[in-house]
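The chains referred to below are lettered A, B, ... by the order of the sequence lines, with proteins before strands, and numbering in each begins at 1.
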Amino acid sequence: GEDVEQSLFLSVREGDSSVINCTYTDSSSTYLYWYKQEPGAGLQLLTYIFSNMDMKQDQRLTVLLNKKDKHLSLRIADTQTGDSAIYFCAESEWNNFNKFYFGSGTKLNVKP
Amino acid sequence: EPEVTQTPSHQVTQMGQEVILRCVPISNHLYFYWYRQILGQKVEFLVSFYNNEISEKSEIFDDQFSVERPDGSNFTLKIRSTKLEDSAMYFCATRPGLAGVGEQFFGPGTRLTVL
């Protein structure tokens, strides 16, 4: 089955940019997602990108996709302490939303 | 804003016992999912459910597990004869329909501890 890998921890200072990385194995057309989990809450969809795109920007969030290397990144500009959370990368096939594959999550710690 | 709720938030059980984890989906959502996350590991897909039947299940979802939507509101995951390795956080997720990107709405999870 598909595999999604992420590093476990990232620590940045408030105001800096954060870059969270993810690699995946599925080579077919796919949707790739970034979810955020705050303490005591469920995973919340932040943004997504389809595999025919290279980049997607949404306010402070920029998603970059390198399809050749199967590498996805989430850049958070001007990181705030409220951005401290666990960020999950996930993928699904473009025509099958019955099954999703998640990474283990990257815990982002933003220091004031 | 409507949200997915799960009960209990924490369940402690003895090995060999049966547990039922409950989820209340967002109303008018049609697709339901269970995931689990063993501490420090990936969020693993268990099962998806639509129109009162299982759409897809993973290798983890063996005969020990079952799902149902008994009353049209609660969506339950039953784990029979629990094992130590079933200790994990279990997440329920729901999705409105087929159209559009497969955004799922997650509940806060139930932490299951098997002793």
Please say yes or no: joined through hydrophobic side-chain contacts below 4.5 Å, possibly via intermediate residues, are B:Ile20 and B:Val24 part of one cluster? no

Any chance CE of B:Met15 has more than 12 other-residue heavy atoms, nucleotides or ligands included, within less than 6.0 Å? no

Please determine whether ring pair (Phe, Tyr, Trp, His ring centres under 6.0 Å) holds for the pair B:Phe106 and A:Phe102, giving the CA-CA distance in whole Å, both sets of side-chain angles, and the decisive distance to 0.1 Å. CA-CA 13 Å; B:Phe106 281 78; A:Phe102 282 80; 5.7 Å; yes

Check this for me: A:Gln59, atom CD, are more than 12 non-hydrogen atoms of other residues, nucleotides or ligands nearer than 6.0 Å? no

CG of B:Leu84: more than 12 outside heavy atoms within 6.0 angstrom? yes

Looking at chain B, which one of A:Ser92, A:Gly42, A:Ala41 has the largest number of heavy-atom pairs inside 4.5 Å, strictly under? A:Gly42

Are A:Phe88 and B:Gln37 close enough that some pair of their side-chain heavy atoms sits under 4.5 Å apart? yes

Out of curiosity, A:Gln37 CD to B:Met89 CE, how far, rounded to the nearest 0.5 Å? 7.0 Å

What about B:Tyr35 and B:Leu30, same hydrophobic cluster or not, with Ile/Leu/Val/Met/Phe/Trp/Tyr joined at side-chain heavy-atom distances under 4.5 Å? yes

Applying a strict under-4.5 Å side-chain criterion to I, L, V, M, F, W and Y, I'd like to know whether B:Val12 and B:Leu21 cluster together. no

So how far is it from A:Leu43 CG to B:Gln104 CD, rounded to the nearest 0.5 Å? 9.0 Å

Applying ring pair (Phe, Tyr, Trp, His ring centres under 6.0 Å), can you list everything that pairs with B:Tyr33, at least two apart in sequence or on another chain? A:Phe100

For residues B:Lys42 and A:Glu5, determine if any side-chain heavy atom of one lies less than 4.5 Å from a side-chain heavy atom of the other. yes

Consider only side-chain heavy atoms of I, L, V, M, F, W and Y, link residues closer than 4.5 Å, and tell whether B:Tyr31 and B:Phe105 are in one cluster. no

Do any of residues 43-65 of chain B have a heavy atom less than 4.5 Å from a heavy atom of chain A, and if so, which, in residue order? B:Val43, B:Phe45, B:Ser48, B:Ser55, B:Glu56, B:Lys57, B:Glu59

Minimum heavy-atom separation for B:Pro108 to A:Gly40, with atom names? CB-O, 3.5 Å

Considering residues, nucleotides and ligands other than A:Gln44, do more than 12 of their heavy atoms fall under 6.0 Å from its CD? no

